[in-house]
Amino acid sequence: MSDAIITIRRAASYDHEAITRFNIAMALESEGMRLDPATAGEGVRAALNDPQRAIYYVAELSGSVVGQTMVTLEWSDWRNAFFWWIQSVYVEPTARGKGVFRALHTHIRDEAKSSLNICGLRLYVHTGNRGAQAIYRRLGMTECDYRLFEESWPRGGRASV
C-alpha cells in the first residue's frame, strides 16, 4: 500500500467528465462494451443532478480523481430498510493496488452502517471479472444465493430496426 493519502468525497457536478470517462473505460475493460459517450455523459449528469437516482463517490490521490463508485437504493420490504447497491466501480490503472477501492468501500460501508434505514450493501459483478470478485471477497463481501436476470431494450423502450 502506498503512503499517499486517499481522500473520499461525494462527487460534485465538476466531476462529470472524470466519471463519464471512467464509466466508458470500465465498460470496455470489464465487459468489452463500447458506450456512447453522449449517452453515458447524460446518464452521469442526471445522477449528479438527482441524488434520488444515484450518488457517486470519488477517490482522490494527490489531488487527482483516480476512482469512483456509484450507490443506488433498493427498498427491502422484508427488512423495512434500504440496501445500497455499489455500482460503476472504477479505479484508474495507475492507481490500482494502492488501496483506492478499499478506501471507497470502507467509506461507503461506514456511511451505510451509521444510517438506521440501510440494512446492507450489494453489488453485481460480471462473471468473467475474477479480479474484482477476489477484491470483493477480501473486503468481506460474500457471494449470495441470488442470480441476476435481465430484460433490456434501447432507451425509451423502442426497439431499433
Side-chain angles (χ1 to χ4, degrees), residues 1-12 14-35 40 43-44 47-48 51-150 152:
M1 184 124 104
S2 170
D3 290 335
I5 297 172
I6 301 166
T7 305
I8 307 300
R9 62 174 173 78
R10 279 192 178 199
Y14 56 83
D15 294 307
H16 172 264
E17 286 183 30
I19 294 169
T20 301
R21 183 171 31 88
F22 289 169
N23 282 346
I24 291 168
M26 175 197 35
L28 186 59
E29 182 179 322
S30 65
E31 299 182 34
M33 183 181 293
R34 294 190 185 281
L35 300 183
V44 169
L48 287 170
Q52 296 286 331
R53 292 178 190 228
I55 299 168
Y56 284 103
Y57 292 86
V58 293
E60 292 180 325
L61 192 59
S62 302
S64 295
V65 174
V66 296
Q68 73 176 35
T69 301
M70 182 180 76
V71 171
T72 59
L73 298 175
E74 174 196 0
W75 178 249
S76 174
D77 54 348
W78 291 5
R79 294 171 180 87
N80 191 31
F82 289 99
F83 275 98
W84 273 8
W85 276 85
I86 296 172
Q87 300 180 62
S88 297
V89 173
Y90 188 77
V91 176
E92 283 190 334
T94 58
R96 293 178 187 168
K98 297 180 180 180
V100 173
F101 180 68
R102 177 179 295 278
L104 278 161
H105 184 268
T106 299
H107 179 89
I108 290 166
R109 183 179 55 216
D110 290 349
E111 193 170 311
K113 281 182 144 183
S114 72
S115 176
L116 296 176
N117 68 343
I118 309 299
C119 60
L121 300 176
R122 288 184 168 163
L123 60 79
Y124 54 86
V125 59
H126 193 272
T127 55
N129 195 342
R130 304 279 185 227
Q133 292 171 37
I135 291 167
Y136 301 145
R137 285 187 185 97
R138 282 197 304 271
L139 291 172
M141 299 189 87
T142 57
E143 191 170 348
C144 63
D145 293 328
Y146 294 100
R147 296 221 184 246
L148 185 66
F149 286 76
E150 173 180 82
S152 64

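All values reported here derive from a predicted model rather than from experimental measurement.
Remark: the backbone N or O of His126 is paired with a side-chain donor or acceptor of Gln133 at under 3.5 angstrom. Listed for the Arg102 side chain is no donor-acceptor partner under 3.5 Å among the backbone atoms of Leu139. Here the side chain of Ser114 pairs a donor or acceptor atom with the backbone of Glu111 at under 3.5 angstrom.
Partners of Phe101 by ring pair (Phe, Tyr, Trp, His ring centres under 6.0 Å), not counting sequence neighbours, listed by chain and number: His105, Tyr136. Residues satisfying the side-chain hydrogen bond (donor to acceptor under 3.5 Å, both in side chains) test with Asn117, not counting sequence neighbours, are Ser115. Legend: residues meeting ring pair (Phe, Tyr, Trp, His ring centres under 6.0 Å) with Phe83, ordered by chain and number and at least two apart, are absent.
By the 4.5 Å heavy-atom criterion applied to side chains, Ile118 and Lys113 are not counted as neighbours. Using a 4.5 Å cut-off on side-chain heavy atoms (C-beta onward), Tyr56 and Asp15 make no contact. Here the side chains of His107 and Arg9 are not in contact, with every heavy-atom distance at 4.5 Å or above. Trp85 is not listed as a side-chain neighbour of Met70, based on a closest heavy-atom distance of 4.5 Å or more. Using a 4.5 Å cut-off on side-chain heavy atoms (C-beta onward), Leu48 and Ile19 make contact. Here the side chains of Tyr146 and Leu148 are not in contact, with every heavy-atom distance at 4.5 Å or above.
The environment of Glu17 atom CD is sparse: at most 12 non-hydrogen atoms of other residues, nucleotides or ligands sit within 6.0 angstrom. With a 6.0 Å radius and a threshold of 12 heavy atoms from other residues, nucleotides or ligands, Asp145 has its CG atom at or below the threshold.
Taking CD1 of Ile108 as the reference point, atom CD1 of Ile55 lies at 9.5 Å (rounded to 0.5 Å). With values rounded to the nearest 0.5 angstrom, Ile86 atom CD1 is found 6.5 Å from Thr69 atom OG1. Distance CE/Met26 to OG/Ser88: 4.0 Å, rounded to 0.5 Å. Note: Leu35 CG to Thr20 OG1 = 10.0 Å, rounded to the nearest 0.5 Å. Here the straight-line distance linking atom CG of Leu123 with atom CE of Met141 works out to 4.0 Å at 0.5 Å rounding. Rounding to the nearest 0.5 Å gives a distance of 11.5 Å between CG of Asn80 and CG of Leu116.
Ring pair Phe82/Trp75 is perpendicular by interplanar angle, where above 60° counts as perpendicular and below 30° as parallel.
Using a 4.0 Å cut-off between charged nitrogen and carboxylate oxygen, Arg21 and Glu92 count as a salt-bridge pair.
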- prompt: Can you list the steps and then say if Arg53 with Thr72 is a side chain to side chain contact (heavy atoms under 4.5 Å, CB included)?
  reply: CA-CA 7 Å; Arg53 292 178 190 228; Thr72 59; over 6 Å; no

- request: Show your working on side chain to side chain contact (heavy atoms under 4.5 Å, CB included) between Val65 and Phe22 and close with a plain yes or no.
  value: CA-CA 10 Å; Val65 174; Phe22 289 169; 3.8 Å; yes

